[in-house]
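Comments concern the structure below.
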Amino acid sequence: SEFVMAVAVALIGRDNSRLYTRVTEREKDDYEVQMFIHCTLDIVEDKLSKATELYLGLLTSNHKYKSFGFVANTGVKLILVLSLANTTLKDTDMRAHFKRFHLLYTNCLSNPFYELGKPLKSRALDDASADLFRSTPAE
Amino acid sequence: MTAAGTSLPFELLHAEMVMYAEEKGKQREEDRKKLLESGLEDEKLVTRAFAHHNSITYLEGVGWRVGYVMGEKVSREVPRLATELEVMKFVCKELWNNCFGKQVDNLRTNHQGVYVMHDNHFITVAPFAGDSGYLDKSSSFLAFPCGLVRGALAALSINAIVTTTVETLPQVKFHIQIQGKTSK
């Protein structure tokens, strides 16, 4: 059986506007994941006030998913949703993924044609998401 | 924008930007005069239509966008900036280094939302600082940097007014007046 690495990635602006969301094609019901991301955002606000670093770690989980968060100094939020069963992705992996997505976000900002606050359109982001969602066969 | 020594490309580009902005400003002024003289449009309307932009606001606006991106980029490299003072120190050190080739030489604050940053050798005015008589030109060369600082602060959720005062070039004082945090 296949082993799913990640379920969704979301980039959210400081004002909570959805800048970029990608859900793996494997998730037949996209709605559940979207609601889960929404719930996660509430937890982010809470954790942020006590946070000492940019990486927030595990935020919340339900019967299907768990989410991890990262908030940049500028307030832009990154959320990664994994399936609950996932055990291979460690904290160090999560940090690396967040760093990568944050870099891609700043690259989008550097595009002079990008309007601040608008949804992000980036092939690099799409490739990174596809990379993240790619399943690896169980060993 | 790199450390001093390889700052020439930025200095040259910035000087051209200022010249370009001033040319644009002159052209707009000519257009405004022509429109008024033609008598085709009501004077008040013309004044209002042309009131919005001049070379200074244009350069400041360009600086803002650049500063916003630099704020995002450079703040990646540092740990969480938890307080306003930490943000200001970040601006004085990491941001200034990345954008203006060196750190701010002196930071003062009244701890009530006013900060003054002294730069003894500011990059955009350094090229003509040696010769006297260019003091009045310096404001055009400080518009983009003011915008940059304001944009970077905006990226870091700080709404501020940034102005400069100059007594002897190339020393420049940046005055930052906090207006309260931007929406989160």
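Chain A is the first sequence line, chain B the second, and so forth, proteins listed ahead of strands; every chain is numbered from 1. Just so you know, these numbers come straight off a predicted model, no measurement behind them.
- When hydrophobic clusters are built by joining Ile, Leu, Val, Met, Phe, Trp and Tyr residues whose side-chain heavy atoms come closer than 4.5 Å, directly or via intermediates, A/L84 is not grouped with A/V7.
- The side-chain heavy atoms of A/L116 and B/R65, taken from C-beta on, include a pair separated by under 4.5 Å.
- Side-chain atoms of A/N73 do not come within 3.5 Å of backbone N or O of B/R76 as any donor-acceptor pair.
- Open room surrounds CD on A/E115; 12 or fewer heavy atoms of other groups in view lie less than 6.0 Å from it.
- Residues A/V9 and A/L58 are members of one and the same hydrophobic cluster, defined by side-chain heavy-atom contacts under 4.5 angstrom among Ile, Leu, Val, Met, Phe, Trp and Tyr.
- Contact of A/T52 with chain B is made through the backbone alone, with heavy-atom distances under 4.5 Å.
- Residues B/I123 and B/Y134 share a single hydrophobic cluster, defined by chaining ILVMFWY side chains whose heavy atoms lie under 4.5 Å apart.
- Here A/M35 sits in one hydrophobic cluster together with A/Y31; the rule is ILVMFWY side chains under 4.5 Å apart, joined directly or through other members.
- Heavy atoms of A/F70 lying under 4.5 Å from chain B are absent altogether.
- Formation of a donor-acceptor pair under 3.5 Å by the B/R80 side chain with backbone atoms of A/V71 is found in this model.
- When the side chains of ILVMFWY residues are joined at heavy-atom separations under 4.5 Å, either directly or via intervening members, B/Y68 and A/L103 end up in two distinct hydrophobic clusters.
- Closest heavy-atom contact between B/V69 and A/S110: CG1-OG, 3.6 Å.
- Side-chain heavy atoms closer than 4.5 Å link hydrophobic residues (I, L, V, M, F, W, Y) into clusters, and following such links, possibly through other members, connects B/V149 to B/V166.
- Without hydrogens or angle criteria, A/R14 side chain to B/A155 main chain gives a donor-acceptor distance under 3.5 Å.
- Of the atoms belonging to B/V78, heavy atoms from both backbone and side chain fall under 4.5 Å from chain A.
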One pair to check against side chain to side chain donor-acceptor pair (under 3.5 Å): B/E72 and A/T74. What are the steps and the verdict? CA-CA 6 Å; B/E72 184 80 57; A/T74 54; 2.7 Å; yes
